[in-house]
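Some notes on the structure that comes next.
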Amino acid sequence: MARAATTSDVFNAIAEPQRREILVLLRSREWPVTELAEELGMSQPRASKHLRVLREVGLVRDRKAGKQRLYCLDAHGLRSVHEWAGGFERFWSESFTRLDSYLQELKQERQGE
């Protein structure tokens, strides 16, 4: 039986497209939840829920500034994603290197004809 999806780890948290959109916005600066919600066209409670999940897995931090909370990206939390994706980067890099070698061989063969 399949395990129920949780948001207790980074991979599950970023599986949600709106959370990824939040992370993209937070790359540039701190945002109050009200502005994030407006920018993304969602309600403030919905944005707060997404931010809570992202905070719980260590992808965002918040700080109190007057009556509002400001959220910022904590990219250290993405390390596991980066390391996992790095294996695929190596795969594609090696594949492109092999393809380039093959194309160079074809080119030399045609020049020799």
Take Leu54 and Leu73 through the side-chain contact (heavy atoms from CB on, under 4.5 Å) test and state the conclusion after the steps. CA-CA 9 Å; Leu54 293 170; Leu73 178 66; over 6 Å; no
Nearest heavy atoms of [X] and [Y], plus distance in Å:
X     : Y     : answer
Leu25 : Glu39 : CD1-CG, 3.7 Å
Arg20 : Ala15 : NH1-O, 3.0 Å
Pro32 : Gln68 : CB-OE1, 3.3 Å
Val33 : Ala47 : CG2-CB, 3.9 Å
Val57 : Val10 : O-CG2, 3.8 Å
Ala13 : Val53 : CB-CG1, 4.0 Å

Got a second to check how far [X]'s [atom1] is from [Y]'s [atom2], nearest 0.5 Å?
X     : Y     : atom1 : atom2 : value
Arg69 : Arg63 : CZ    : CZ    : 10.5 Å
His82 : Glu89 : NE2   : CD    : 7.0 Å
Leu70 : Arg29 : CG    : CZ    : 9.5 Å
Leu40 : Arg46 : CG    : CZ    : 10.5 Å
Glu21 : Leu36 : CD    : CG    : 11.0 Å
Ile22 : Ile14 : CD1   : CD1   : 13.0 Å

Verdict with reasoning, Leu51 to Asp62, per side-chain contact (heavy atoms from CB on, under 4.5 Å): CA-CA 9 Å; Leu51 287 163; Asp62 66 322; over 6 Å; no
Distance-only side-chain donor-acceptor flag, Ser101 / Arg98, under 3.5 Å: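 Distance-only check fails for Ser101 and Arg98.
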Salt bridge or not between Lys49 and Glu16? Use side-chain N to carboxylate O under 4.0 Å.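 Here Lys49 does not pair with Glu16 in a salt bridge, since their nearest N and O are not under 4.0 Å apart.
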Is there a continuous path of hydrophobic side-chain contacts, each under 4.5 Å between heavy atoms, that joins Phe88 to Val81? yes
Is it true that atom CD of Gln104 has more than 12 heavy atoms of other residues, nucleotides or ligands lying nearer than 6.0 Å?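 Yes, enclosed.
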